[in-house]
Amino acid sequence: MTEFDLFSSNFDTTEQLVAGLNPQQRAAVEYRGPALLIVAGAGSGKTRVLTHRIAHLLAKKEAWPSQILAITFTNKAAAEMRERVQHLLGEAADGMWIKTFHSACVQILRRESARLGHDANFTIYDSGDTRAILKRLIRDTAADIHKLTPAAVASIISNAKNELADAESYARNIDQSDPAARVIAEIFTSYQAELRRNNAFDFDDLISETVHLFRAFPDVLEQYQNKFRHILVDEYQDTNHAQYALIKELAAKASLTVVGDSDQSIYAFRGADIRNITEFEKDFKNATTILLEQNYRSTQNILSAANAVISNNFDRPAKNLWTAEGDGEKIVGYTGYSAHDEAQFIADEIDALHASGIAYRDISVMYRTNSQTRALEDIFIRSALPYRVVGGTKFYERQEIKDAMAYLVAIANDRDDLATRRILNVPKRGIGDATETQLASFASKNGLSIRQALAEVDQLSFGPKITTAIKQLAELLQQAQLAIETDSVDAILRSVLEKSGYLESLKTSRDPQDEARVENLEELVSVAREFQRNNPDGNLTDFLNEVALVAAADDIDDESGTVSLMTLHTAKGLEYDAVFLAGIEEGLLPHRMSFLVPGGMAEERRLFYVGITRARKKLHLSLAMSRTTYGDTEGSIPSRFLQEIPASLIDWRESGAGRGLPQYRPSIAESQSYRSQPASASSGYGGTPSNKPKTEWKGAISSVRNNEGLQLAVGDQVEHADFGRGKVIAVAGEGAKQTAEIHFGSAGKKRLLVKVAPIEKL
DNA sequence: TTAGATCGCGCACCG
DNA sequence: CGCGATCTAA
């Protein structure tokens with residue numbers, strides 16, 4: 001190839017990379033300078049801009065792949081970005097760092113762990129681990145007299161770390177006359193000591209310790225400063241101070257591109273500071289800002305609703321999303337009598353959308369709190385709707401999975417007392433509290449970890465049964481540790497589950513839950529096998545790191561063909577043809593916990609805004625007139641945010657919302673409790689509610705029902721607990737998965753899972 | 001030490 | 001309501 005050929009093919013590639021972009025997008029791809037802020041409204045093509053910008057840098061040979069650092073919000077987004085860059089370049093661009101903040105920091109910390117007094121095989125503690133340690137420390141320091149809960153202390157420590165304060169600087173800045181504050185400082189110090197002894201970092205440490213590492217060891221920082229010539233950060237509005245500091249340190253010699261939208265900042269509770277984006281231009285000399293306002297995702301009706309809602313947040317730079325695609329359909333509103341009624345509406349509507357050709361995977365139901373999934377799942381199961389709860393009660397938070405993982409952690413990191421403690425008596429070995437305490441005090445007297453102390457059991461005077469049990473456990477862990485070098489991760493896991501007797505104890509147990517636990521453990525073995533296949537060189541610690549850093553959104557399987565249920569937080573960055581926002585009520589969205597938090601209401605509004613802007617074509621807003629929480633039922637009031645959407649954009653269906661239902665009335669203090677609002681008839685906030693009568697739900701869903709053996713045929717008459725009398729018009733599937741389509745008079749046509757539906761054949 | 005029963009208390013969002 | 005902590009009996 002001649003030099004000319006090289007040049008021309010390069011030229012073609014770079015031209016192609018900006019072809020089809022709008023002028024602002026093109027500018028964002030082509031701009032070169034020390035600092036660039038891309039203010040990217042929802043759906044404005046920011047991922048496209050980011051990937052094209054990276055590909056553009058590589059194609060023009062302005063950077064090698066290894067000189068690029070791109071920070072994304074989730075691992076899934078990172079994988080997608082890598083794929084898209086490869087696709088654009090037509091070749092793999094190995095060596096690029098495309099990672100989340102946490103995984104980038106883990107990589108740096110593992111390399112430099114010795115400088116911080118850790119080993120490279122350190123454990124990453126999640127918030128549950130943190131609380132478990134704090135619980136013990138609170139008990140030991142008798143801190144409970146100050147009414148300190150593990151969660152409260154965890155939150156204080158987390159906030160401090162997000163501000164880059166360590167235990168020492170925290171202690172220096174407290175009010176010394178406040179005994180509770182002094183106890184907290186003391187616990188903070190012991191907590192850090194325990195993490196160090198256990199060779200562990202918590203989530204917040206991953207970021208803050210990396211910053212401390214850079215500040216304490218300029219030679220390390222310089223290495224990375226010299227490595228990365230281009231740093232790109234996505235979702236910049238959600239960075240906290242520690243993350244900001246990390247970027248600031250790393251980018252001193254590099255070109256920095258950040259992408260964000262202050263209207264989508266929804267992580268203040270974990271320290272996200274909106275000022276990082278609003279003050280970017282002050283922060284970074286010679287910074288340029290490019291605004292992307294054209295939306296390629298949603299219809300104009302959806303965007304108008306979003307714009308109207310977000311304009312109620314004051315003190316924000318004006319921004320107006322627009323689309324060239326036309327108005328589209330109206331937003332659909334629905335007010336149910338109960339959460340189950342609301343869920344039934346959603347299920348029916350999804351059925352109709354699916355019948356009209358929208359795939360299940362292009363539909364999502366979003367909500368403020370995870371507890372809202374219960375009613376939705378109840379109804380979806382009965383309606384035989386294929387769905388998946390994204391995140392939720394996570395796989396890795398199940399007891400049996402945590403137990404199995406604790407074995408692996410204890411094997412990989414023999415300094416980790418938390419993990420060893422967890423498995424000491426799992427399965428039951430007769431090692432109870434008393435034995436554990438003795439082991440722990442022996443360990444601390446001799447400067448050993450608990451796992452190391454197990455091997456010295458002869459020096460303790462336990463009975464023969466306990467001594468044998470401890471020796472077996474010590475031997476098992478020791479053998480498994482030796483196997484790290486030679487065996488695959490899944491082989492180690494399988495062997496430990498068997499040799500420990502854990503699997504056996506679940507299989508022979510009488511607890512019906514344990515059957516499912518065995519299946520979950522099999523699932524975990526597959527996860528390990530899959531990991532090993534994708535990472536042939538990955539070792540046990542790599543596997544543990546990967547598992548520790550999975551995010552809810554990483555869990556989404558685009559090919560699954562199911563409706564996705566998720567929280568509004570998880571939904572950030574995603575988009576669907578049809579979106580259902582459920583529970584748009586005072587107390588839920590905005591959430592009651594936000595009422596007293598400064599800036600809380602504005603953040604709730606942004607959350608609603610994020611939800612609205614996830615929808616491409618169809619948006620549904622729903623609420624329930626009464627909601628059961630904690631076992632008791634209370635009336636609810638439509639969210640104030642609904643009034644912020646122009647009435648002409650919403651088509652309220654079968655709604656009792658406008659009539660007889662108490663309305664939210666703005667008060668002087670936005671923070672006033674909604675309960676104090678007087679109920680009143682009102683003018684309604686959207687459209688004319690219909691007068692159609694509707695079926696009322698009679699109380700809660702009954703528990704497990706079993707219609708096994710019920711034979712239904714077309715033409716049969718049935719009686720349904722909620723919908724009344726109906727006629728079977730179609731039957732599909734067999735056995736437990738059999739569904740029947742039944743026409744009920746006023747309630748309309750429903751598809752039900754025969755096995756669980758509350759129906760009787762007449 | 002364990003299993004089983006009872007008590008009481010908390011109500012977001014997450015890597 | 002549902003979980004985890006605590007109590008009680010074997």
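Within every chain, numbering begins at 1; the chains are lettered A, B, ... in the order of the sequence lines, protein sequences first and strands thereafter. Scope of the values below: all heavy atoms of this structure, side chains included, with no hydrogens, waters or symmetry mates.
- Judged by distance alone, the side chains of A:Y125 and A:D416 do bring a donor and an acceptor atom under 3.5 Å apart.
- The side chain of A:S127 contributes no N or O atom lying less than 4.0 Å from OP1 or OP2 of B:dC14.
- Across all strands, A:A434 comes closer than 4.0 Å only to sugar-phosphate atoms, never to a base (heavy-atom distances).
- Each of A:R368, A:R627, A:H591 was evaluated against A:E585; a single residue qualifies, A:R627, per the side chain to side chain donor-acceptor pair (under 3.5 Å) test.
- Only one option out of A:D238, A:D261, A:D263 pairs with A:K572 in a salt bridge (charged side-chain N to carboxylate O under 4.0 Å, His left out); it is A:D238.
- Nucleotide C:dT6 holds its C1' atom 12 Å from the CZ atom of A:R139, rounded to whole Å.
- Comment: A:R605 engages A:E644 in a salt bridge, judged by a side-chain N to carboxylate O separation of less than 4.0 angstrom.
- The side chain of A:D204 approaches B:dG15 more closely than any other nucleotide in the set C:dG2, B:dG15, B:dC13.
- One interatomic measurement links the two molecules: CG of A:L424 to P of B:dT2, which rounds to 11 Å at whole-angstrom precision.
- Taking atom CZ of residue A:F203 and atom P of nucleotide B:dG15, one finds them 8 Å apart after rounding to whole Å.
- When all heavy atoms of A:D205 and A:D202 are compared, the pair lying nearest together is N-OD1, 2.7 Å.
- C:dG4 atom P lies 10 Å from atom CZ of A:R131, rounded to whole Å.
- Nucleic acid contact class of A:Q399 (heavy atoms, under 4.0 Å, all strands): none.
- Atom CG of A:D554 is separated from atom P of B:dC14 by 13 Å (rounded to the nearest Å).
- Every side chain to side chain contact (heavy atoms under 4.5 Å, CB included) that A:T467 has, sequence neighbours left out, goes to A:V457, A:D458, A:F462, A:K471.
- Whole-Å rounding puts the A:R422 CZ to C:dG4 P distance at 10 Å.
- Atom C1' of nucleotide B:dG15 and atom CD1 of A:I157 are separated by 18 Å, given to the nearest angstrom.
- Listed by first and then second residue, the salt bridge (Lys or Arg N to Asp or Glu O under 4.0 Å) pairs that reach into residues 418-429 of chain A are A:D403-A:R422, A:R421-A:E436, sequence neighbours excluded.
- In the model, A:Y387 has a side-chain atom that pairs as donor or acceptor with a side-chain atom of A:E377 under 3.5 Å.
- What separates CD1 of A:I431 from C1' of B:dT2 is a distance of 14 Å, to the nearest Å.
- For B:dG15, the OP1/OP2 oxygens have no side-chain nitrogen or oxygen of A:N240 closer than 4.0 Å.
- On a pure distance criterion of 3.5 Å, a polar donor-acceptor pair joins the side chain of A:Y630 and the base of B:dG10.
- Residue contacts for A:T74: at a heavy-atom cut-off of 4.0 Å it reaches no nucleic acid atom on any strand shown.
- Of the residues in residues 260-272 of chain A, those with a non-hydrogen atom less than 4.0 angstrom from any atom of DNA chain B are A:Y267, A:F269, A:R270.
- Here A:T570 lies in heavy-atom contact (under 4.0 Å) with sugar-phosphate atoms only.
- Annotation: of the two residues near DNA chain B, A:T435 and A:A548, the 5′-most nearest-nucleotide partner is A:T435.
- Residue contacts shown for A:T567 are limited to sugar-phosphate atoms, with no base heavy atom under 4.0 Å away.
- OP1 or OP2 of B:dC14 lies within a sub-4.0 Å distance of a side-chain N or O belonging to A:N370.
- For B:dG15, the base has no donor-acceptor partner in the side chain of A:D126 [N/O atoms by modelled type, under 3.5 angstrom].
- To the nearest whole angstrom, the two P atoms, one in B:dC13 and one in C:dG4, are 15 Å apart.
- Lacking a ring centre under 5.5 Å from that of the base six-membered ring together with a plane angle below 30°, A:H102 does not count as stacked on B:dG15.
- Atom CG of A:D166 sits about 8.0 Å away from atom CD of A:Q192, to the nearest 0.5 Å.
- When the side-chain nitrogen and oxygen atoms of A:K428 are compared with OP1 and OP2 of B:dA3, one or more of them lie within a distance under 4.0 Å.
- In terms of phosphate contacts, A:T629 brings no side-chain nitrogen or oxygen within less than 4.0 Å of OP1 or OP2 of C:dC1.
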